[in-house]
Amino acid sequence: MFSKKKKIIILGHSGFIGSSLERLLEESNNWSIIGRSLRDVDLTQAEQADLLIPFLESTSTLVLAAAVKRQFGDTQETFQSNVEIVKNVSRLLEKYPVKRVIFMSSAAVYGEETENVRINELTRVNPTSYYGISKYTAECLLKKVCVNNISLVCLRPPLVYGPNDPGQTYGPSGFSAAAIENRSITLWGDGSELREFIFIDDLCRLIELIADNEVEGEINVVSGTSYCFADIIRVLKKKFPNLVVDTRSRSRAKADNAFDASKIKSMLPASF
């Protein structure tokens with residue numbers, strides 16, 4: 001007898017995280033996947049968001065990874081668009097609740113320019129970018145909507161990296177792409193500020209684990225080990241010894257971020 005596949009709805013399924021998650025879930029063959037992105041539905045428009053209604057069922061898991069990425073500009077306009085997306089999805093969830101919502105928030109809620117080397121899930125949020133403010137605003141909206149009958153998980157990953165990252169942001173993905181394409185890397189300051197980075201496959205495996213288990217609350221998707229941008233360059237120079245690095249004066253004061261991974265480690269099976 002064949003077991004019934006569990007339904008999962010991925011909003012933002014053509015993006016870096018969404019598309020990677022969709023591939024992983026297809027390989028596991030345990031899920032009935034519904035993917036929607038901007039080309040299918042503009043979630044900033046309420047009437048467009050209504051197109052999701054047929055898929056919202058009480059046994060479904062909804063992964064909300066749709067957002068205007070900060071590489072398109074950390075502006076009030078992108079903030080407003082991201083809030084509109086979550087507002088419209090929240091309005092639907094009030095009428096058509098699902099079993100679980102997994103929201104792709106960000107470690108940016110703690111503040112990128114905030115010096116803190118002991119961040120955990122109880123650390124006071126202090127977003128210093130429009131992107132971080134929009135993520136925390138979204139968390140609050142979803143908590144209000146999901147409080148009674150929907151399980152809500154807000155994942156707060158640091159910078160996500162890996163193959164097929166179209167953003168090629170400042171960090172592992174962008175630096176690697178520049179090295180492969182024989183372009184120089186711009187390093188701000190000496191690159192010694194501490195940061196966490198999460199590999200895309202590890203993030204997606206965690207999302208599947210959460211979707212299939214009783215988990216709620218905020219989770220920092222971190223390893224508990226920090227690196228700096230200079231570390232990335234040292235690794236790349238082993239493979240690309242002629243890599244050119246252009247150093248520029250730091251535009252902001254140096255701030256180290258490091259995380260306590262106790263919560264996430266307590267959730268993971270030994271085989272993870």
> Could you go step by step and tell me if D50 and R91 meet the salt bridge (charged side-chain N to carboxylate O under 4.0 Å, His left out) rule?
Replying inline: CA-CA 10 Å; D50 286 346; R91 177 180 57 83; 3.2 Å; yes
Taking all non-hydrogen atoms of both residues, which atom of [X] and which atom of [Y] are closest, and how far apart?
| X | Y | value |
| --- | --- | --- |
| M104 | A65 | CG-CB, 3.8 Å |
| D40 | G35 | OD2-O, 4.1 Å |
| I200 | P163 | CG2-CD, 4.3 Å |

Decide yes or no for [X] and [Y]: does some side-chain heavy atom of the first lie under 4.5 Å from some side-chain heavy atom of the second?
| X | Y | result |
| --- | --- | --- |
| L24 | I207 | no |
| V222 | I198 | no |
| I53 | F55 | no |
| P172 | L159 | yes |
| F175 | L236 | yes |
| I150 | K99 | no |

>> Does the structure place the NZ or CZ of K6 under 6.0 Å from the centre of the six-membered ring of W31, at an angle of no more than 45° from the ring's axis?
In response: yes
Could you grab the distance from atom [atom1] of [X] to atom [atom2] of [Y], nearest 0.5 Å is fine?
| X | Y | atom1 | atom2 | result |
| --- | --- | --- | --- | --- |
| T225 | F259 | OG1 | CZ | 12.5 Å |
| I9 | L64 | CD1 | CG | 11.0 Å |
| I210 | R205 | CD1 | CZ | 12.5 Å |

Spell out, as yes or no, whether a donor-acceptor pair under 3.5 Å connects the side chain of [X] to the backbone of [Y].
| X | Y | result |
| --- | --- | --- |
| D190 | S192 | yes |
| N88 | L43 | yes |
| S173 | D165 | no |
| D74 | S129 | no |

Regarding [X] and [Y], is there a side-chain donor-to-acceptor distance under 3.5 Å anywhere?
| X | Y | value |
| --- | --- | --- |
| R124 | Y110 | no |
| E196 | S223 | yes |
| E214 | S151 | no |
| D246 | T186 | no |
| N116 | T114 | no |
| N29 | K5 | yes |

> E115 and K254: salt bridge (charged side-chain N to carboxylate O under 4.0 Å, His left out), yes or no, with the steps?
Replying inline: CA-CA 8 Å; E115 177 86 19; K254 175 186 171 183; over 6 Å; no
>> Can you confirm if the aromatic rings of F199 and Y161 lie within a centre distance of less than 6.0 Å?
In response: yes
I'd like to know if [X] and [Y] make a salt bridge, using a cut-off of under 4.0 Å between side-chain N and carboxylate O.
| X | Y | result |
| --- | --- | --- |
| R156 | E139 | yes |
| K143 | E218 | yes |
| E84 | K87 | yes |
| R100 | E216 | no |

>> Assigning hydrophobic clusters by single linkage (Ile, Leu, Val, Met, Phe, Trp, Tyr; side-chain heavy-atom cutoff under 4.5 Å), is I34 placed with L38?
In response: no
> Which of parallel (below 30°), tilted (30 to 60°) and perpendicular (above 60°) describes Y170 and F229?
Replying inline: tilted
